[in-house]
Amino acid sequence: SDEAERRSLELFDDNLMNSVAVPSRVKELTTLLANSRIWQEKVEKVSAALKQAQVQLVTAQVQSRDADHRAKVAEEKLMALRARHESADDEQTKLAEERAKLQEIEKEKAEMEARLMQ
């Protein structure tokens with residue numbers, strides 16, 4: 001009878017503990033689940049932001065390559081213009097030399113005509 005009563009009290013204590021522990025554990029698990037969802041949302045937001053940043057990086061890299069290409073083309077055009085300018089300068093120098101020769105010839109012609117007139 002004492003044994004049965006002791007057994008009954010132990011069962012009662014176990015049930016009492018379970019009735020207190022189970023809601024406490026449910027609350028703990030519910031909190032953990034809620035926190036898990038919050039963290040999952042944060043991870044998804046960070047992941048989306050990372051993907052967006054990667055797209056922006058690729059876009060910037062493409063624009064940078066584009067700008068490098070345009071700069072190279074512009075530099076090539078500038079070099080061609082400089083070469084043409086130098087060529088034009090050379091032509092002007094040649095023309096000036098030819099004019100000087102022509103003036104020299106005209107001067108000699110005028111001197112010869114003057115001698116013939118005498």
Side-chain angles (χ1 to χ4, degrees):
S1 137
D2 273 349
E3 182 62 29
E5 193 175 312
R6 192 180 60 74
R7 204 67 191 115
S8 175
L9 281 174
E10 281 178 5
L11 284 173
F12 177 77
D13 285 347
D14 286 347
N15 285 336
L16 184 63
M17 286 302 291
N18 283 339
S19 68
V20 170
V22 167
S24 171
R25 186 70 179 140
V26 167
K27 183 179 178 186
E28 182 182 338
L29 290 173
T30 303
T31 302
L32 285 173
L33 183 61
N35 286 342
S36 170
R37 286 186 183 134
I38 289 168
W39 281 106
Q40 181 64 34
E41 287 173 8
K42 287 181 181 182
V43 166
E44 287 170 3
K45 285 179 185 175
V46 168
S47 179
L50 179 60
K51 284 179 186 172
Q52 186 177 2
Q54 287 171 328
V55 167
Q56 289 171 342
L57 175 63
V58 169
T59 301
Q61 287 171 333
V62 167
Q63 289 171 343
S64 174
R65 278 190 225 118
D66 227 20
D68 287 346
H69 177 70
R70 287 196 307 273
K72 185 179 176 188
V73 168
E75 190 175 348
E76 289 169 356
K77 286 180 182 177
L78 180 62
M79 288 170 59
L81 284 172
R82 281 186 183 147
R84 276 196 235 144
H85 182 70
E86 288 171 8
S87 177
D89 283 351
D90 290 347
E91 289 298 316
Q92 275 190 326
T93 302
K94 287 179 187 173
L95 280 173
E97 289 170 359
E98 292 297 319
R99 277 193 200 115
K101 286 180 189 174
L102 184 60
Q103 284 175 347
E104 189 63 36
I105 291 170
E106 285 177 353
K107 182 180 170 188
E108 287 176 16
K109 178 183 167 196
E111 287 172 1
M112 282 183 188
E113 286 175 351
R115 274 191 229 139
L116 284 174
M117 294 293 226
Q118 287 176 354

Validation row: Lys109, Met112 side chains within 4.5 angstrom (heavy atoms): no
side-chain contact (heavy atoms from CB on, under 4.5 Å) between Lys51 and Gln54, worked out: CA-CA 5 Å; Lys51 284 179 186 172; Gln54 287 171 328; 4.3 Å; yes
Spacing of CG belonging to Leu102 relative to CZ belonging to Arg99, to within rounding of 0.5 Å: 9.5 Å
Passing candidate, side-chain contact (heavy atoms from CB on, under 4.5 Å) with Arg65, options His69, Gln63, Gln61: Gln61
Backbone of Leu32 reached by a side-chain donor or acceptor of Ser36 within 3.5 Å: no
Spacing of NZ belonging to Lys77 relative to CZ belonging to Arg84, to within rounding of 0.5 Å: 10.5 Å
Check: Val43 main-chain N/O paired with Ser47 side-chain donor or acceptor under 3.5 Å: no
Steps toward side-chain contact (heavy atoms from CB on, under 4.5 Å) verdict (Lys42, Ile38): CA-CA 6 Å; Lys42 287 181 181 182; Ile38 289 168; 3.9 Å; yes
N-O pairing of Arg70 and Asp66 below 4.0 Å: yes
Enclosure of Glu76 CD (heavy-atom neighbours >12, cutoff 6.0 Å): yes
Side chains of Gln52 and Val55 in contact at under 4.5 Å (non-hydrogen atoms): no
Pairing residues for Glu111 by the side chain to side chain contact (heavy atoms under 4.5 Å, CB included) criterion, not counting sequence neighbours: Lys107, Arg115
Rounded distance [0.5 Å steps], OG1 in Thr93 versus CD in Glu86: 11.5 Å
